[in-house]
Amino acid sequence: MAHLPSEEFPKIRVFGSIGWVASGIFSIIFIRFLNTDFDGTNIPFYCGAGVSFIAAFTNLGLPNTPPLAKGQKATLIDAFGLGTVQLMKNKNFAIFIVLSFLSMIPFAMYYSYFSEFLLFIDTKYISVTINWGVLFEMGFMLLVPVAIKKFGLRKTMIYGLVALVIRYLSFYAGGVITQPWMYYIGILIHGLIFGFFYVGGQIYIDKKAPKHLKSQAQGFIFLVTFGLGLLAGNFLCAKLIDYYHTDAGYNWDAIWAVTTIFSAVLLVLFVIFFRNKDVD
């Protein structure tokens, strides 16, 4: 974000979505052409390690971006972006941070455990099935700047949470009325959730943080959401899944019902309490 307006960030982030799609294609190569099991094995971890090693060297070619605080004494607080905590004196900013953290609880059910659900319903190509959502994510990501210009940043993030509710409602309804095609609604709108709310949140952070804290603020929101939030979400979702486990199997309809209600409550809280003229 140091090299272009924050509203343009989604155009760069879309390449991350392309990488996800590439991983799905890679899994097909293993399964169909190399005749080797991929999903449910340790092969994806070896592939991820190899690609990460290559990426580390590729990153050496990125533009030189010296930190604004270069030459100043750095602490662990700075390293973890905790200097941004001072921004939480602003009530609206604090509400955004808390609700972003809580949003990771239902988000984790899809992000970490949806593959378990797909295994439960005997899905053959799990990576490919999930990657349909990432394929559509590319389009949604490019719509983020358009949505911000048309609706404002606050409404854009609200639409992301609306999509979160729709996702789990479609999973719940698909199971209750036995219409598996409805599961794809929740899969295909993944990019709408991630792009509009979480990438929108990164843009909000960039706008609210003072110049010398912008980089720290990005680290802070990532720590709150995909760090601590996802960690807490993983533990709580695991407890929820275990709670609805019986000798007959897992009651996924009940699990999706709980995540739908939780997501709806988050949406209502965000609409009521997150008010800021800077993002309208």
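Keep in mind it's a predicted model, so treat the numbers as computed, not measured.
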K.L.:
Would you find a donor on one side and an acceptor on the other, under 3.5 Å apart, between the side chain of Tyr113 and the backbone of Asn234?
P.N.:
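At least one qualifying donor-acceptor pair exists.
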K.L.:
Once the angle between the rings of Phe194 and His190 is folded into 0 to 90°, is it parallel (under 30°), tilted (30 to 60°) or perpendicular (over 60°)?
P.N.:
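Ring orientation of Phe194 relative to His190: parallel.
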K.L.:
Hey, does the side chain of Thr123 reach the backbone of Leu119 with a donor-acceptor pair shorter than 3.5 angstrom?
P.N.:
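Answer holds: no.
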K.L.:
Quick check on Trp132: does its CH2 atom have over 12 non-hydrogen neighbours (other residues, nucleotides or ligands) under 6.0 Å away?
P.N.:
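No, the 6.0 Å shell around CH2 holds no more than 12 heavy atoms from other groups.
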K.L.:
Name the one of Trp256, Phe114, Phe171, Phe117 that satisfies side-chain contact (heavy atoms from CB on, under 4.5 Å) with Met109?
P.N.:
Trp256
K.L.:
Would you name the heavy atoms of Met88 and Ala94 that are closest together and state the gap between them?
P.N.:
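Reported closest heavy-atom pair: O-CB, 3.6 Å.
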K.L.:
Out of curiosity, does Ile185 fall in the hydrophobic cluster containing Phe107 (side-chain heavy atoms, cut-off under 4.5 Å, transitive links)?
P.N.:
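As far as the 4.5 Å side-chain criterion goes, Ile185 and Phe107 are connected within one cluster.
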K.L.:
Contact between Asn92 and Lys208 at the side-chain level, heavy atoms closer than 4.5 Å - yes or no?
P.N.:
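No, too far: nothing below the 4.5 Å cut-off.
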K.L.:
Could you pull out the closest heavy-atom pair between Leu266 and Ser103, with the gap in Å?
P.N.:
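Looking at all heavy atoms of both residues, the closest pair is CD1-CA, 3.4 Å.
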K.L.:
Does any non-hydrogen side-chain atom of Met141 lie less than 4.5 Å from one of Phe15?
P.N.:
no
K.L.:
Do the non-hydrogen side-chain atoms of Ile166 and Ser263 ever get within less than 4.5 Å of each other?
P.N.:
no
K.L.:
With rounding to the nearest 0.5 angstrom, report the CG to CG distance, Leu231 to Leu223.
P.N.:
10.5 Å
K.L.:
Look at the side-chain heavy atoms of Ile, Leu, Val, Met, Phe, Trp and Tyr, link any pair under 4.5 Å apart, and say whether Leu228 and Phe226 land in one connected group.
P.N.:
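Cluster IDs for Leu228 and Phe226 match.
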K.L.:
Could you tell me whether Tyr183 atom OH has more than 12 heavy atoms of other residues or ligands within 6.0 Å of it?
P.N.:
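Buried by this count: over 12 neighbours within 6.0 Å.
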K.L.:
Quick one: are Phe274 and Met157 in side-chain contact, heavy atoms under 4.5 Å?
P.N.:
yes
K.L.:
Nearest 0.5 angstrom please: Arg167 CZ to Leu161 CG, how far?
P.N.:
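Answer for the CZ-CG pair, Arg167 versus Leu161, is 12.0 Å.
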K.L.:
Counting only heavy atoms not in Phe235 (residues, nucleotides, ligands), do more than 12 fall under 6.0 Å from its CZ?
P.N.:
no
K.L.:
Would you say the side chain of Phe197 lies within less than 4.5 Å of the side chain of Phe270, judging by non-hydrogen atoms?
P.N.:
yes
K.L.:
Could you give the distance from CD1 (Ile126) to CG (Asn131), rounded to the nearest 0.5 Å?
P.N.:
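One gets 12.0 Å once the value is rounded to the nearest 0.5 Å.
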K.L.:
Measure the spacing between OG of Ser100 and CD1 of Ile205 and express it to the nearest 0.5 Å.
P.N.:
7.5 Å
K.L.:
So how far is it from Leu102 CG to Ile97 CD1, rounded to the nearest 0.5 Å?
P.N.:
11.5 Å
K.L.:
Taking side chain as C-beta onward, heavy atoms only, is Leu230 less than 4.5 Å from Thr225?
P.N.:
no
K.L.:
I'd like to check Lys150 versus Lys155 (side-chain heavy atoms, cut-off strictly below 4.5 Å). Are they in contact?
P.N.:
no
K.L.:
Is the ring centre of Phe151 less than 6.0 Å from the ring centre of Phe196?
P.N.:
no
K.L.:
So, taking the atom named CD1 in Ile193 and the one named CG in Leu164, what distance separates them when rounded to the nearest 0.5 Å?
P.N.:
5.0 Å
K.L.:
Using the rule that two of Ile, Leu, Val, Met, Phe, Trp, Tyr join whenever any of their side-chain heavy atoms come within less than 4.5 Å, decide whether Val271 and Leu169 are in one cluster.
P.N.:
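Result: no, two separate clusters.
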K.L.:
With a 4.5 Å heavy-atom cut-off, do Leu192 and Tyr159 have their side chains touching?
P.N.:
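No, side chains not in contact.
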K.L.:
Between Tyr168 and Phe262 (judged by ring centroids, cut-off 6.0 Å), do the two rings come close enough to count as a pair?
P.N.:
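They do not qualify: ring centres at least 6.0 Å apart.
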K.L.:
With distance as the sole test, does Gln179 use its side chain to make a donor-acceptor pair with the main-chain N or O of Ala173 at under 3.5 Å?
P.N.:
no
